[in-house]
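Order of the sequence lines sets the chain letters (A, B, ...), proteins ahead of strands, with each chain counted from 1.
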Amino acid sequence: MAMRPTAEPAARTTLASPMNSAREGSLRPEIGFTPEPTLVHERVIEWFEGNARPLPWREPDCTPWGVMVSEIMLQQTPVVRVLPRWELWMQRWPKPADLAAAPTSEVLTAWDRLGYPRRALRLQAAAQAMVERHQGEVPRTAAELRALPGVGEYTAAAVACFAFLEPEVVVDTNIRRVHARAFTGHALPGKTYTSAQRRLAHELMPAAEPDDGATACAWNASAMELGALICTARAPQCQACPVADLCAWRAAGSPPATQEQQTRGQGWAGTDRQVRGAIMAVLRTGETVGRTELLDELPLPDASQEQRSRCLDSLLRDGLAADDAGQISLPGAQGSASQGPGGPVAGQTAGTGSAGLAAVEHQAQRLGE
DNA sequence: ATCCAGTCGT
DNA sequence: ACGACCGGAT
């Protein structure tokens, strides 16, 4: 696992591909032109070396805990909104044990307006589970990570890969889109992650030596970054894409997304999510208020009494709020202690400037020490 | 209205 | 497999 700093980048090693034997691609009747994965790997990884954003959780000195915190915060949340919260979070709770011992009210306040605050609850529950089951350390394997609260298929693979260089198949919304365009020839991947897409993602992984996760991780990080910066959902920057000439979607004439591929909007105004968010915004100020006053002061004139009440009850059930004899506040002490029936959701149970592949290499170094 | 490094319960 | 779950920006 240990890689010397002067070692040749993993991307330079020969990449074997199980798919096509042709040098540049193949013509499949039902799809059209399909590029040779090996060539795409080489191009995208090289592009990543010079174009990756210098994100702190990709720095060589970032701990696995820092990687994990970033992955949770980044769920359905853009990088620019995560950055400041992540910095404060890591400064305040540099290890899982620190977060595990923190008052939940402080955890939710620090989460601020990142959205989906149940993620903060689950992250604290995950930290507590790591203290109990993993000696306060972030576990190394995707299977162990997957068992933690708030860690799904994507996050388990991402933490195992980016923090420990495990050769996991990482598939997020960016990567699904890159695959859909470059290899399947579709404008968008569709709403649901299908088994066919999962199979394709596995087939597309570079086949490196069994013990070398660096190449797999470089491909994961590179494809993700390409989707985030170039192969974006709308107005992709194909003129700056390193594989524009290999892209199946481009080869097909860049057909627009079909109705099937469109993602239905979730809506916001008038939803319970908006009302819950408004309640949480009040509680985050640190205020402790009577149930009636709290519901009355919500800045949502269109929300019915019934909806307000229902949303507060759901927050109490989720462990995002606490009710002390009619006085509502953020939940006080650590995580699971005194909650309503059922308990809280959490329950128990790049080198500085250019970063890029250099960061992956440095991670390898650190792990080898 | 759509998108964003998704997860969870039904 | 589908909907709920936050919030800001385009």
Side-chain angles (χ1 to χ4, degrees), chain A residues 52-53 55-58 66-86 108 111-123 125-126 145-163 168-178 187-195 197-198 217 220-229 231-236 257 261-281 283-284 300 310-311 314-315 317-320 342 344-347 349:
Chain A
R53 293 165 293 180
L55 303 175
W57 44 86
R58 290 202 294 227
V67 173
M68 178 169 175
V69 171
S70 78
E71 293 298 345
I72 299 293
M73 288 185 170
L74 285 164
Q75 291 168 4
Q76 294 290 286
T77 311
V79 165
V80 284
R81 279 213 288 152
V82 166
L83 275 169
R85 288 298 117 197
W86 184 89
L108 290 171
W111 192 259
D112 197 40
R113 300 195 227 161
L114 274 182
Y116 297 139
R118 292 186 296 181
R119 288 183 294 168
L121 243 40
R122 291 177 179 138
L123 180 55
L145 287 159
R146 183 66 183 80
L148 297 171
V151 177
E153 179 177 358
Y154 161 77
T155 303
V159 173
C161 179
F162 301 141
E168 294 292 334
V169 181
V170 178
V171 183
D172 75 329
T173 187
N174 288 311
I175 289 179
R176 289 211 304 135
R177 189 172 53 251
V178 169
L188 293 171
K191 335 102 198 73
T192 57
Y193 184 35
T194 65
S195 56
Q197 290 173 5
R198 184 179 286 99
C217 295
N220 287 331
S222 304
M224 198 179 304
E225 193 77 341
L226 186 71
L229 299 183
C231 195
T232 53
R234 44 198 165 190
Q261 293 161 354
Q262 304 280 352
T263 63
R264 74 285 186 191
Q266 291 190 339
W268 169 247
T271 62
D272 283 8
R273 281 162 58 221
Q274 184 187 29
V275 176
R276 283 167 57 105
I279 295 173
M280 289 304 294
L283 297 181
R284 273 197 306 269
L300 298 170
R310 160 162 44 87
C311 287
S314 72
L315 290 172
R317 269 197 307 279
D318 287 346
L320 285 166
V345 163
T349 46

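With both ends at atom P, the span from C/dT10 to B/dA5 equals 14 Å, rounded to whole Å. B/dT10 and C/dC6 are spaced 16 Å apart, taking the P atom of each and rounding to whole Å. Here the separation of B/dC4 from C/dA1, taken at their C1' atoms, is 22 Å to the nearest Å.
Base engagement by A/Gly115 is indicated by at least one non-hydrogen atom pair under 4.0 Å involving a base atom. Contact annotation for A/Thr232: no contact, since no heavy-atom pair falls under 4.0 Å across all strands. At the heavy-atom level, A/Ala233 lies under 4.0 Å from the strands shown only through sugar-phosphate atoms. If you check every strand for non-hydrogen atoms under 4.0 Å, A/Val80 touches nothing.
In this structure, A/Arg85 atom CZ and C/dC6 atom C1' are separated by 15 Å, rounded to whole Å. To the nearest angstrom, P of B/dT7 lies 8 Å from CD of A/Glu153. Counting to the nearest Å, the P atom of B/dT7 and the CZ atom of A/Arg118 are 13 Å from each other. Taking atom CZ of residue A/Arg198 and atom C1' of nucleotide C/dA1, one finds them 13 Å apart after rounding to whole Å. The distance between atom OH of A/Tyr116 and atom C1' of B/dG9, rounded to the nearest whole Å, is 15 Å. Whole-Å rounding puts the A/Glu225 CD to B/dA5 P distance at 9 Å. The interatomic distance linking A/Gln274 (CD) with C/dG8 (P) rounds to 11 Å, in whole Å. At whole-Å resolution of the value, CG in A/Leu300 and P in C/dG7 are 11 Å apart.
Nearest to the side chain of A/Arg273, among B/dT7, C/dC6, B/dC8, sits C/dC6. Of the candidate nucleotides B/dA5, C/dC6, C/dG7, C/dG7 has the atom lying nearest to any side-chain atom of A/Arg113. Nearest to the side chain of A/Asp272, among C/dC5, B/dC8, B/dC3, sits C/dC5. Of the listed nucleotides (B/dC3, C/dG7, B/dA5), B/dA5 has the atom at the smallest distance from the side chain of A/Tyr154. In this structure, the nucleotide among B/dC8, B/dG6, B/dA5 sitting nearest to the side chain of A/Trp57 is B/dA5. Among the nucleotides C/dC2, C/dC6, B/dA5, the one closest to the side chain of A/Thr192 is C/dC2.
Under 4.0 angstrom from either OP1 or OP2 of B/dC4 there lies no side-chain N or O belonging to A/Gln76. Applying the 4.0 Å criterion to OP1 and OP2 of B/dA5, one finds that A/Thr173 has every side-chain N and O outside that range. Checking the phosphate oxygens (OP1, OP2) of B/dT7, no side-chain nitrogen or oxygen of A/Arg119 falls inside 4.0 Å. For B/dG9, the OP1/OP2 oxygens have no side-chain nitrogen or oxygen of A/Arg122 closer than 4.0 Å. OP1 and OP2 of C/dG7 both lie 4.0 Å or more from every side-chain N or O belonging to A/Thr77. At C/dG7, one or more side-chain N or O atoms of A/Arg284 fall inside 4.0 Å of OP1 or OP2 (strictly under the cut-off). Residue A/Arg177 has a polar side-chain atom (N or O) positioned under 4.0 Å from OP1 or OP2 of B/dC4.
Side chain of A/Arg284 to main chain of A/Trp111: no donor-acceptor pair is present (N/O by atom type, distance under 3.5 Å, no hydrogens or angles). A donor-acceptor distance shorter than 3.5 angstrom exists from the side chain of A/Arg119 to the backbone of A/Ile72, with no hydrogens or angles considered. A distance-only check finds a donor-acceptor pair linking the side chain of A/Arg176 to the backbone of A/Gly190 [under 3.5 Å]. Judged by distance alone, with hydrogens and angles left aside, the side-chain atoms of A/Glu71 form no donor-acceptor pair with the main-chain N or O of A/Ala158 at under 3.5 Å. The main-chain N or O of A/Ala269 is never found under 3.5 Å from a side-chain atom of A/Thr271 such that the two would form a donor-acceptor pair.
In this structure, A/Leu108 CG and A/Leu114 CG are separated by 11.5 Å, a value rounded to the nearest 0.5 Å.
Under 3.5 Å, the side chain of A/Gln75 and the base of B/dG6 form no donor-acceptor pair of N or O atoms. For a distance-only test at 3.5 Å, the side chain of A/Arg234 qualifies as a donor-acceptor partner of the base of B/dT2. Taking 3.5 Å as the limit, the base of C/dG7 and the side chain of A/Arg81 contain a donor-acceptor pair of atoms between them.
Take the nearest nucleotide of DNA chain C for A/Thr194 and for A/Leu315: the residue whose nucleotide is more 5' is A/Thr194. Comparing A/Tyr193 and A/Pro78 by the nucleotide of DNA chain C whose heavy atom lies nearest to each, the residue mapping closer to the 5' end is A/Tyr193. The nearest heavy atom of DNA chain B to A/Asn174 and to A/Arg146 marks one nucleotide each, and the one closer to the 5' end goes with A/Asn174.
Looking at A/Val171 and A/Arg198, their side chains never come closer than 4.5 Å, going by heavy atoms from C-beta outward.
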Q: Apply salt bridge (charged side-chain N to carboxylate O under 4.0 Å, His left out) to the pair A/Arg58 and A/Glu225, showing each step before the final yes or no.
A: CA-CA 12 Å; A/Arg58 290 202 294 227; A/Glu225 193 77 341; 3.0 Å; yes
